[in-house]
There are 2 protein chains.
Amino acid sequence: MRPIVHPALETLSPEAILHALSDPERAAIFAEIAASECVERCSALSQAATREIPKSSLSQHFKVLREAGLIRSERVGVEMRNYSRGMEVNGRFPGLIPAILSAYGF
Amino acid sequence: MRPIVHPALETLSPEAILHALSDPERAAIFAEIAASECVERCSALSQAATREIPKSSLSQHFKVLREAGLIRSERVGVEMRNYSRGMEVNGRFPGLIPAILSAYGF
DNA sequence: TTCAATAGTTCCATATTCCTGAACTATGGG
DNA sequence: CCCATAGTTCAGGAATATGGAACTATTGAA
């Protein structure tokens, strides 16, 4: 199992962020994390997203969000905790995240 | 040749817009159109984008931008004129377009 | 320590989307 | 009518995404 990597703020790209959030499923997941701070367990999230998402797909979604720099994931025991990097990202790309979440109606 | 269709403002979706602009090439094209209003000819644009983009790809890019509701295209004689719908879109999704263009540095 | 349960990741085959050269269409001029 | 210009469409190969099955990591209990 390869270690979890979080890109540095300076290396984030608009295209990766837009790509990550251009999927409504991922946007919903991110909105959930950003709203609640520290969302535990994929299963909890999949319910939050109201759809039945296979866990492998969910895992991929988290990976895409993480690699875009939108979330930070850390393992706590057997589970994974995900935190929003929205504040940081907002420093680099002001207004981007809020505008996107608002466009989606989150 | 099927007629050019422009989606109504109410039918635009954030995901289509984010997807369209998650490609740096397309974002650059859109920024160019938004900045100059009425950019003529694909070839002119491809130069503007500084890269050599095949015209079939360029045509696809315009299609994606058009179907996302970001531009309006009209034929004038043998060529095509493209206008930004940024103002309209901004009414529907406030701040979205400016934040994206600014994130890209346009 | 070993075993089982839980949470998530990785692999891989399938499906979908993207890219682009080549052929085609549309328009205007000579 | 034919040619040139501007752009679109088609086709198939490349790249990505999806999701089931197998695997890994961690905890807790026997």
Side-chain angles (χ1 to χ4, degrees), chain A residues 1-6 13 15-30 32-33 36 38-68 70-83, chain B residues 1-6 13 15-30 32-33 38-49 51-68 70-83:
Chain A
M1 214 150 277
R2 53 191 71 131
I4 303 166
V5 178
H6 296 98
S13 70
E15 52 264 47
I17 293 174
L18 296 189
H19 171 251
L21 297 179
S22 69
D23 180 319
E25 209 77 75
R26 276 194 301 259
I29 292 170
F30 175 67
E32 180 82 7
I33 293 171
S36 63
C38 177
V39 171
E40 291 126 60
R41 289 176 311 148
C42 285
S43 52
L45 265 182
S46 73
Q47 293 179 329
T50 318
R51 266 163 237 138
E52 281 299 316
I53 311 169
K55 62 179 183 171
S56 60
S57 304
L58 215 30
S59 184
Q60 289 307 311
H61 285 327
F62 278 103
K63 188 176 181 227
V64 171
L65 289 171
R66 194 185 314 118
E67 293 182 348
L70 290 165
I71 63 173
R72 190 163 40 82
S73 310
E74 63 185 52
R75 182 170 210 130
V76 176
V78 78
E79 70 193 33
M80 211 70 168
R81 296 218 178 134
N82 296 286
Y83 304 89
Chain B
M1 214 151 272
R2 54 191 70 133
I4 303 165
V5 178
H6 296 96
S13 70
E15 53 263 46
I17 291 173
L18 297 189
H19 171 252
L21 297 179
S22 69
D23 180 317
E25 208 75 77
R26 274 194 302 259
I29 292 170
F30 174 68
E32 179 83 8
I33 293 172
C38 178
V39 171
E40 289 125 60
R41 290 177 310 149
C42 286
S43 51
L45 266 182
S46 72
Q47 292 179 331
R51 266 164 236 136
E52 282 298 317
I53 312 169
K55 62 179 183 171
S56 59
S57 305
L58 214 31
S59 184
Q60 290 306 313
H61 285 327
F62 278 103
K63 188 175 179 227
V64 172
L65 290 171
R66 195 187 312 120
E67 292 181 349
L70 291 165
I71 63 172
R72 191 162 42 79
S73 310
E74 63 186 52
R75 181 168 211 131
V76 177
V78 78
E79 72 191 32
M80 212 70 169
R81 297 218 177 132
N82 296 287
Y83 304 89

Between atom CD in E52(A) and atom P in dG19(D), what is the gap in whole Å?
12 Å

Rounded to the nearest 0.5 Å, what separates atom OG in S22(A) from atom CD in E15(A)?
12.5 Å

So, OP1 or OP2 of dG7(D): does either fall under 4.0 Å of a side-chain N or O from R81(B)?
no

Rounded off to whole Å, could you give me the CD-to-C1' distance for the E15(B) and dT17(C) pair?
16 Å

Euclidean distance, atom CD of residue E74(A) to atom C1' of dT26(D) [Å, nearest integer]
15 Å

For the pair made of CD in E79(A) and P in dA5(C), what is the distance, rounded to whole Å?
19 Å

Does H61(B) place a side-chain N or O at less than 4.0 Å from the phosphate oxygens OP1/OP2 of dT20(C)?
no

side-chain hydrogen bond (donor to acceptor under 3.5 Å, both in side chains) involving H19(B) - partner list, sequence neighbours excluded
none

Tell me every residue that passes side chain to side chain contact (heavy atoms under 4.5 Å, CB included) with S56(A), counting only those two or more places apart in sequence or in another chain.
P54(A)

Between R66(A) and Q60(B), who's closer to the 5' end of DNA chain C by nearest nucleotide?
R66(A)

Using whole Å, what does the distance between atom P of nucleotide dT20(C) and atom CG of L58(B) come to?
11 Å

Return a single string for nucleotides 21-30 of chain C, one symbol per nucleotide in 5' to 3' order, where B is base contact, S is sugar-phosphate-only contact and - is none, cutoff 4.0 angstrom on heavy atoms.
BB--BBBS--

Measure CD/E67(B) against C1'/dT17(C) and give the value in whole Å, please.
14 Å

How many Å lie between CD1 on I53(A) and P on dG20(D), as a whole number?
12 Å

Of all residues at least two apart in sequence or in a different chain, which pass the salt bridge (charged side-chain N to carboxylate O under 4.0 Å, His left out) check with R72(A)?
E74(A)

Rounded to the nearest angstrom, tell me the gap between atom NZ in K63(B) and atom C1' in dT20(C).
15 Å

Quick one: does any side-chain atom of R81(B) pair with a main-chain N or O of Y83(B) as donor and acceptor, under 3.5 Å?
no

Residues which pass side chain to side chain contact (heavy atoms under 4.5 Å, CB included) with Q60(B), listed by chain and number, not counting sequence neighbours:
K63(B)

S73(A): what forms a side-chain hydrogen bond (donor to acceptor under 3.5 Å, both in side chains) with it, not counting sequence neighbours?
R66(A), N82(A)

